[in-house]
Amino acid sequence: MIDYSLAELDEEIERAFVRLFPGDEADKSSDRLRWRFLDGPHGSGRVAIARDMAQGGRIIGLIGLIALRLRSAAGPLESFQAVDVVVDPAYRGRGVFAGMGQAVLDEAASLGKDVLWGFPNENAAPAWFGRFSWLRFGTVPFMVRPLRTGYFLGRIASGLRRLDVPLIEASSNPDPKVLEIHGFGTEFDRLWERFAPAGPAVDRGSQWLRWRLIDRPGSQYRIVATMDGSGHVAAMVASVLLDRHGGRILYVLEAMGVDAEATTRLLKHELGMAAGKGADAALCWCPSTAPNRSAYRRAGFLHFPDRLRPVTIHFGARPLRQGRASTMGKGKDWYLSYLDSDTV
């Protein structure tokens, strides 16, 4: 018999994460799991658990649920973002994922949640969008900024990688007007209020930014900002440079500013700094309706077609209460950035 329930993270569940995600010890460390599911400023998350009662209640499946407050035109919405879906290989094909998903739907509303949403991979997408009736918003809105030719030519044919030409002027000297940020105060609440779109978006106030970018265990993010003439934050960019997908990739986690000009200048500065450190390309998430879309375009970012992406990441949501469907809008109405991803 398989038992399904939602629970707060504890030591038993932490051990199950490590066991069910072999080779991913850093992301499933106790510190990282507690940060993700217990320490968030929008409340404690939960974990959907499948237990084999014939094996003494052994945990054989998990779905992580991060508590996030969404800002929307209809007012604040409390949500769970579904992450870290896994089923013990010995139990796959036996409806375990379906049982956990149903447990989430059965219990999330009673915990005060209005919305369940996330970014399913190819394996999980059919169940979320089919059996559990998530609204299908398409794939995540990637944009790409090539910084060197060799990386992209090498993906066509390995021998072409040697035709490596820079596509942007590299820099190793930061602009003294660009400030490195090591904490978030109320000035970033002001920036978010001036930047925030009308559509659904995770509330990116200063407390959430601090949790997501500063408090995350093991983070290596670079966070920079510029100020306007009145001493207020004009623009902020957060990024991380990682060796992935056969290259050195700058992930732009967030870029927000009071106007496109301020955001563009800061983006271009960070692209030049990344090029000076050997970056081959920059990636971001940015919907077509996002307030920073024009800044990304001015900085040279292009739409990244699905057929060229190394992985397919879907995007969807499901209202958990009656009358909430209208608040979901369409996928392009949501504001997304890499800060919404739990993988970077």
Side-chain angles (χ1 to χ4, degrees), residues 26-27 31-32 35-36 41 142-148 151 166-185 187-192 195 202 204-228 232-245 247-258 260-286 290 292 295-296 298-301 304 335-344:
D27 189 60
D31 286 347
R32 186 72 65 83
W35 165 81
R36 181 175 292 140
F142 274 104
M143 298 185 78
V144 60
R145 189 2 170 144
L147 301 178
R148 304 191 67 87
Y151 175 70
L167 298 172
I168 187 173
E169 184 177 352
S171 175
S172 58
N173 299 314
D175 186 330
K177 295 180 180 179
V178 174
L179 308 175
E180 287 200 46
I181 302 301
H182 302 287
F184 290 96
E187 64 273 21
F188 288 91
D189 290 315
R190 175 185 172 88
L191 174 65
W192 169 239
F195 173 82
V202 171
R204 287 158 159 73
S206 60
Q207 289 187 339
W208 187 83
L209 288 172
R210 188 181 309 117
W211 169 78
R212 179 64 178 86
L213 290 169
I214 304 295
D215 296 343
R216 183 178 187 266
S219 64
Q220 299 177 336
Y221 302 138
R222 173 176 163 84
I223 312 161
V224 295
T226 54
M227 313 300 285
D228 63 20
H232 297 129
V233 180
M236 183 272 286
V237 169
S239 63
V240 63
L241 190 58
L242 298 173
D243 294 322
R244 289 189 178 179
H245 307 303
R248 194 154 174 77
I249 308 298
L250 179 73
Y251 292 87
V252 181
L253 284 82
E254 187 59 84
M256 66 171 77
V258 298
E261 183 178 354
T263 311
T264 302
R265 283 199 303 268
L266 191 52
L267 276 170
K268 287 183 175 179
H269 178 273
E270 292 303 282
L271 291 172
M273 294 294 291
K277 297 176 182 177
D280 296 297
L283 289 175
C284 72
W285 289 6
C286 184
N292 53 4
Y296 276 118
R298 292 183 190 185
F301 282 80
F304 198 178
Y335 176 73
L336 298 175
S337 75
Y338 258 121
L339 283 188
D340 298 303
S341 168
D342 71 316
T343 62
V344 179

Given L167 and L147, is the side chain to side chain contact (heavy atoms under 4.5 Å, CB included) satisfied, shown in steps?
CA-CA 5 Å; L167 298 172; L147 301 178; 5.7 Å; no

Kindly give the heavy-atom pair with the smallest separation between [X] and [Y], and that separation in Å.
X: S206; Y: G185; answer: CB-O, 3.3 Å
X: L267; Y: A299; answer: CB-CB, 4.0 Å
X: G272; Y: I168; answer: N-CD1, 4.1 Å
X: V252; Y: F301; answer: CG2-CZ, 4.1 Å
X: A279; Y: L241; answer: CB-CD1, 3.7 Å
X: A260; Y: A295; answer: O-CB, 3.8 Å

Do the non-hydrogen side-chain atoms of [X] and [Y] ever get within less than 4.5 Å of each other?
X: D228; Y: V258; result: no
X: F188; Y: R210; result: no
X: W211; Y: W35; result: yes
X: L191; Y: M236; result: yes
X: R204; Y: S337; result: yes

Could you tell me which residues satisfy salt bridge (charged side-chain N to carboxylate O under 4.0 Å, His left out) with [X], sequence neighbours excluded, listed by chain and number?
X: E187; value: none
X: R145; value: none
X: D27; value: R32, R36

[atom2] on [Y] to [atom1] on [X], rounded to 0.5 Å:
X: K277; Y: L250; atom1: NZ; atom2: CG; answer: 9.0 Å
X: L209; Y: I181; atom1: CG; atom2: CD1; answer: 11.0 Å
X: T264; Y: N292; atom1: OG1; atom2: CG; answer: 9.5 Å
X: K268; Y: R298; atom1: NZ; atom2: CZ; answer: 9.0 Å
X: F195; Y: Y335; atom1: CZ; atom2: OH; answer: 3.5 Å

Side-chain donor-acceptor pairs under 3.5 Å in residues 217-225, sequence neighbours left out?
| unit_1 | atom_1 | unit_2 | atom_2 | d |
| --- | --- | --- | --- | --- |
| S219 | OG | R216 | O | 3.2 |
| Y221 | OH | R212 | NH1 | 3.0 |
| Y221 | OH | R216 | NE | 3.3 |
| Y221 | OH | R216 | NH1 | 3.2 |
| Y221 | OH | V344 | O | 2.9 |
| R222 | NE | E270 | OE1 | 2.5 |
| R222 | NH1 | E180 | OE2 | 3.4 |
| R222 | NH2 | E270 | OE2 | 3.1 |

For residues 232-242, which residue pairs qualify under salt bridge (charged side-chain N to carboxylate O under 4.0 Å, His left out), counting only residues two or more places apart or in two chains?
none

Do side-chain atoms of [X] reach the backbone of [Y] as a donor and acceptor pair under 3.5 angstrom?
X: H269; Y: V178; value: no
X: D280; Y: R248; value: yes
X: W285; Y: L339; value: no

Where do V237 and E254 land on the side chain to side chain contact (heavy atoms under 4.5 Å, CB included) test, with the steps shown first?
CA-CA 5 Å; V237 169; E254 187 59 84; over 6 Å; no

Set of residues satisfying side chain to side chain donor-acceptor pair (under 3.5 Å) with respect to T343, sequence neighbours excluded
S341

